[in-house]
Protein chains: 2
Amino acid sequence: MLRLSKLTDYAVVVLVRLSGMEGVQTSPGIAAATGIPEPTVAKVLKTLAAGDLVCSQRGAKGGYRLNRDLSAIPIADVIAAIDGPIALTACVEGSSTGCESQGLCPMRGRWDPVNDAIHKALSGITLADMQRGLLPAFRVPVHQAALQPAAQ
Amino acid sequence: MLRLSKLTDYAVVVLVRLSGMEGVQTSPGIAAATGIPEPTVAKVLKTLAAGDLVCSQRGAKGGYRLNRDLSAIPIADVIAAIDGPIALTACVEGSSTGCESQGLCPMRGRWDPVNDAIHKALSGITLADMQRGLLPAFRVPVHQAALQPAAQ
DNA sequence: GTTATCCGGACTACCACAGTCCTGATTGGA
DNA sequence: TCCAATCAGGACTGTGGTAGTCCGGATAAC
Ligand code: FES
Ligand code: FES
């Protein structure tokens, strides 16, 4: 299904929420604002901090703050921070678990360009792009029939 | 990691192998030629047949045969046949498990353009492209046009 | 000193995937 | 006619990664 982890979805929500305020925001505050469980928000934020997407301030009155503007954060960075480097298959470079049939597989290295294409695609969309159209989202009725991916 | 299943990798290998010969080929034959375990090859072929990528001939002297040329099979089709419809997150259309916070999540529907961009990228690369290693490197359609969920 | 917050990790439950195998249905040939 | 080869479709199990939670410790404001 080519699906990315749910944590990445949360990360986008959290990052967009972080961009709204100027000062630092705490994990419980973001959890309350987004509806995501608090421990999960903390986990996401810690991972994002490790990926240099947000910076943290410890101690009382501490919290998290965006490191760059939303328009400077491509989705590829979020995915890489949460899910690790983008590696479609076990055979592309950068994958931890090497492929066992690298010696005789005729497709060796063939996935690399595909992987690169996806990476480029995800690097071309920033969080600011995703945020666009966010305003009416609160009152939009439940409606998901915009796309029909089963048209292959 | 945005990884797709290993079965999809096998499927590409199997399909490329199928394109080499003219007549039908059996599961054990392909397994021997590719080094992939025979039951796995059979499973992949059955799934590909269900997706109309290959056609099968039952009985003695039976086997599998490509339904279209490699250049007419985009990778998106292979992924869709093996891994199901491309759905990055649980919130995009086509996902089986709906998102539980659809009612109040501000990011609802925001992943659809991203998903569509990936789908377009994968539809622009065919198996023939992968076989040759020559890729239309700049056919990655991720620009402003891809962000409008009007196409497809 | 106390309190609020982040840090880093360990921990478990769960589910999708990978891989195998079995029982039929179909077809060609002996 | 009967048999052998082959696909069809599912059931089955082990494994690995993900989701989510929790704890003790470090840090900084008050
Ligand atoms: S399957 Fe890994 S190199 Fe081909
Ligand atoms: S997390 Fe599913 S709609 Fe936002």
Side-chain angles (χ1 to χ4, degrees), chain A residues 1-11 13-14 18 23-32 34-52 54-65 79 82-85 87-90 95-97 99-101, chain B residues 1-11 13-14 18 23-32 34-52 54-65 79 82-85 87-90 95-97 99-101:
Chain A
M1 304 154 210
L2 239 178
R3 78 170 12 168
L4 45 83
S5 67
K6 211 188 272 187
L7 277 304
T8 305
D9 195 3
Y10 293 159
V13 177
V14 166
L18 267 180
V24 298
Q25 293 184 76
T26 68
S27 293
I30 298 178
T34 58
I36 305 172
E38 195 272 316
T40 302
V41 170
K43 185 181 198 172
V44 167
L45 281 170
K46 278 184 282 191
T47 311
L48 289 177
D52 278 331
V54 303
C55 65
S56 63
Q57 172 120 11
R58 299 175 71 162
K61 285 281 194 175
Y64 290 94
R65 183 165 40 84
I79 297 175
I82 300 288
D83 283 341
L88 278 185
T89 69
S95 164
S96 49
T97 67
C99 173
E100 64 279 355
S101 26
Chain B
M1 308 159 202
L2 239 181
R3 76 170 13 166
L4 45 82
S5 66
K6 211 189 273 187
L7 276 305
T8 305
D9 195 3
Y10 292 159
V13 177
V14 165
L18 266 180
V24 297
Q25 293 183 75
T26 69
S27 292
I30 298 178
T34 58
I36 305 172
E38 195 271 319
T40 302
V41 170
K43 184 181 199 174
V44 167
L45 281 170
K46 278 184 282 192
T47 310
L48 290 177
D52 279 330
V54 303
C55 64
S56 63
Q57 171 117 13
R58 297 174 71 160
K61 287 281 193 178
Y64 290 95
R65 182 166 42 85
I79 296 174
I82 301 287
D83 283 340
L88 277 184
T89 69
S95 162
S96 50
T97 67
C99 172
E100 66 279 356
S101 26

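Every chain is numbered from 1, with letters handed out A, B, ... down the list of sequences.
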Exercise. Excluding sequence neighbours, so at least two apart, what forms side-chain hydrogen bond (donor to acceptor under 3.5 Å, both in side chains) with A:Thr26?
Worked result: none

For this session: Check side-chain hydrogen bond (donor to acceptor under 3.5 Å, both in side chains) between A:Thr8 and all other residues, then give those that pass, not counting sequence neighbours.
Result: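 So A:Thr8 forms a side-chain hydrogen bond (donor to acceptor under 3.5 Å, both in side chains) with A:Ser5, A:Asp83.
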
Problem set entry | Partner set under side-chain contact (heavy atoms from CB on, under 4.5 Å) for A:Pro39, not counting sequence neighbours | A:Pro37

Exercise. Got a sec, which residues hit side-chain contact (heavy atoms from CB on, under 4.5 Å) with B:Arg58, two or more places apart in sequence or on another chain?
Worked result: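 Scan of B:Arg58 (side-chain contact (heavy atoms from CB on, under 4.5 Å), adjacent residues dropped) gives none.
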
How long is the line joining [atom1] of [X] and [atom2] of [N], in whole Å?
X: B:Leu4; N: C:dA16; atom1: CG; atom2: C1'; answer: 15 Å
X: B:Glu38; N: C:dG19; atom1: CD; atom2: C1'; answer: 12 Å
X: B:Lys6; N: C:dT20; atom1: NZ; atom2: C1'; answer: 15 Å
X: A:Leu48; N: C:dC6; atom1: CG; atom2: C1'; answer: 14 Å
X: A:Leu7; N: D:dG17; atom1: CG; atom2: P; answer: 15 Å
X: B:Leu45; N: D:dG9; atom1: CG; atom2: P; answer: 13 Å
X: B:Ile79; N: C:dC17; atom1: CD1; atom2: C1'; answer: 16 Å
X: B:Leu18; N: D:dC7; atom1: CG; atom2: C1'; answer: 14 Å

Exercise. OP1 or OP2 of D:dG17 sitting under 4.0 Å from any side-chain N/O of A:Ser5?
Worked result: no

All N/O contacts under 3.5 Å from nucleotides 9-13 of chain C to the protein, with atom names and distances to one decimal?
none

Separation of [Y] [atom2] from [X] [atom1] (nearest 0.5 Å):
X: A:Asp9; Y: A:Leu4; atom1: CG; atom2: CG; answer: 7.5 Å
X: B:Ser56; Y: B:Arg65; atom1: OG; atom2: CZ; answer: 9.5 Å
X: A:Ile82; Y: A:Tyr10; atom1: CD1; atom2: OH; answer: 12.0 Å

Write out a two-atom table: protein N or O, nucleotide N or O from nucleotides 2-6 of chain D, distance below 3.5 Å.
| unit_1 | atom_1 | unit_2 | atom_2 | d |
| --- | --- | --- | --- | --- |
| D:dA5 | N3 | B:Ala60 | N | 3.3 |
| D:dT6 | O4' | B:Gly59 | O | 3.4 |

Exercise. What residue among B:Leu45, B:Val14, B:Val41, B:Val24 forms side-chain contact (heavy atoms from CB on, under 4.5 Å) with B:Tyr64?
Worked result: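 The side-chain contact (heavy atoms from CB on, under 4.5 Å) with B:Tyr64 is passed solely by B:Leu45 among B:Leu45, B:Val14, B:Val41, B:Val24.
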
Exercise. Is any side-chain heavy atom of A:Thr40 less than 4.5 Å from a side-chain heavy atom of A:Leu7?
Worked result: yes

